[in-house]
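First comes the structure, then the notes that go with it.
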Amino acid sequence: MLASGLSLARWKVLEVLEAKGSIRQKSLAQELGLAERSVTQAVEGLASDGLVERTADPADGRAKLVTLTDEGAAVLAASTAVGEQVLRRIFGSLDHQQLVYLDGLLGAIDEAAGKA
């Protein structure tokens, strides 16, 4: 992701836009579970890089719609492919039993973090 200029946060924005299509910036923040201000900064950076486009919402001129551009879709696809290659390199040597065990450990960690 970093090679393509995407942080994890910026990658997540692009991923949501790919799944949802055009979406209000406020709804994008809700989808990501982030403060609107954080999403605004990420969207502004992505827009200046030509990866997303911001337009006025025709239903409410005060709201902004965010849309993934063709360039953004290409960057997202490339960074996703690289990420998958890295994961295969890291976890590809594990057998099924080890992957099941790892999944259980990660689930326990996730649950413990949720209680904290």
Side-chain angles (χ1 to χ4, degrees):
M1 285 186 284
L2 293 177
S4 63
L6 289 181
S7 65
L8 180 59
R10 288 169 51 115
W11 180 82
K12 286 182 177 184
V13 169
L14 297 181
E15 185 179 47
V16 168
L17 293 174
E18 180 182 54
K20 300 283 183 179
S22 292
I23 186 172
R24 281 187 178 184
Q25 217 166 278
K26 182 176 184 171
S27 298
L28 179 60
Q30 291 169 341
E31 285 285 328
L32 294 166
L34 297 173
E36 288 182 50
R37 180 181 181 105
S38 298
V39 171
T40 298
Q41 291 171 340
V43 167
E44 287 174 352
L46 290 165
S48 70
D49 292 342
L51 304 180
V52 301
E53 184 177 70
R54 294 173 67 203
T55 56
D57 185 342
D60 180 356
R62 298 169 298 168
K64 295 288 185 185
L65 288 177
V66 184
T67 307
L68 186 65
T69 64
D70 290 342
E71 184 178 351
V75 167
L76 176 62
S79 65
T80 300
V82 169
E84 288 172 358
Q85 288 174 355
V86 169
L87 290 175
R88 275 195 292 278
R89 248 190 323 221
I90 293 169
F91 299 108
S93 63
L94 300 178
D95 64 28
H96 178 72
Q97 185 177 2
Q98 289 170 320
L99 288 171
V100 168
Y101 183 68
L102 177 60
D103 185 52
L105 289 174
L106 293 174
I109 291 168
D110 190 40
E111 186 177 325
K115 292 179 182 177

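Quick caveat, the model's predicted, so the values are computed rather than measured.
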Roughly how far, to the nearest 0.5 Å, is CD of Glu15 from CG of Leu32?
9.0 Å
Atom pair CD1 (Ile23) and CD (Gln25), whose distance is rounded to the nearest 0.5 Å
10.5 Å
Under the salt bridge (Lys or Arg N to Asp or Glu O under 4.0 Å) rule, collect the residues that match up with Arg62, sequence neighbours excluded.
Asp60
Smallest heavy-atom separation, Gly72 atom then Leu68 atom, equals C-CD1, 3.6 Å
Below 4.5 Å, heavy atoms only, C-beta onward: do Lys26 and Glu36 meet side chain to side chain?
yes
Any side-chain heavy atom of His96 sitting closer than 4.5 Å to one from Val100?
yes
Transitively linked via ILVMFWY side-chain contacts under 4.5 Å: Leu105 with Leu87?
no
Quick check on the hydrophobic clustering: are Ile90 and Tyr101 connected, directly or via other members, by side-chain heavy-atom contacts under 4.5 Å?
no
Between Thr67 and Ser22, which heavy-atom pair has the shortest distance, and what is it?
OG1-OG, 2.6 Å
Between the main-chain N or O of Asp95 and the side-chain N or O of Gln98, is there a donor-acceptor pair closer than 3.5 Å?
yes
Closest non-hydrogen atom pair between Leu28 and Val13, with its separation:
CD2-CG1, 3.9 Å
Could you grab the distance from atom CG of Leu14 to atom CD of Glu18, nearest 0.5 Å is fine?
9.0 Å
Mind checking the CZ-NZ spacing from Arg54 to Lys64? Nearest 0.5 Å is all I need.
5.5 Å
Going only through I, L, V, M, F, W and Y residues with side-chain contacts under 4.5 Å, is there a path from Val86 to Leu94?
yes
CZ (Arg10) and CG (Asp49) are apart, to the nearest 0.5 Å, by 4.5 Å
What's the separation between atom CD in Gln30 and atom CZ in Arg24, rounded to the nearest 0.5 Å?
10.5 Å
Between Ala56 and Gly61 the two heavy atoms that sit nearest each other are CB-O, 4.2 Å
For the hydrophobic clusters of this structure (ILVMFWY residues joined by side-chain heavy atoms under 4.5 Å, transitively), does one cluster hold both Leu34 and Leu65?
no
Do you know the tightest heavy-atom contact between Thr69 and Glu53?
CG2-N, 3.9 Å
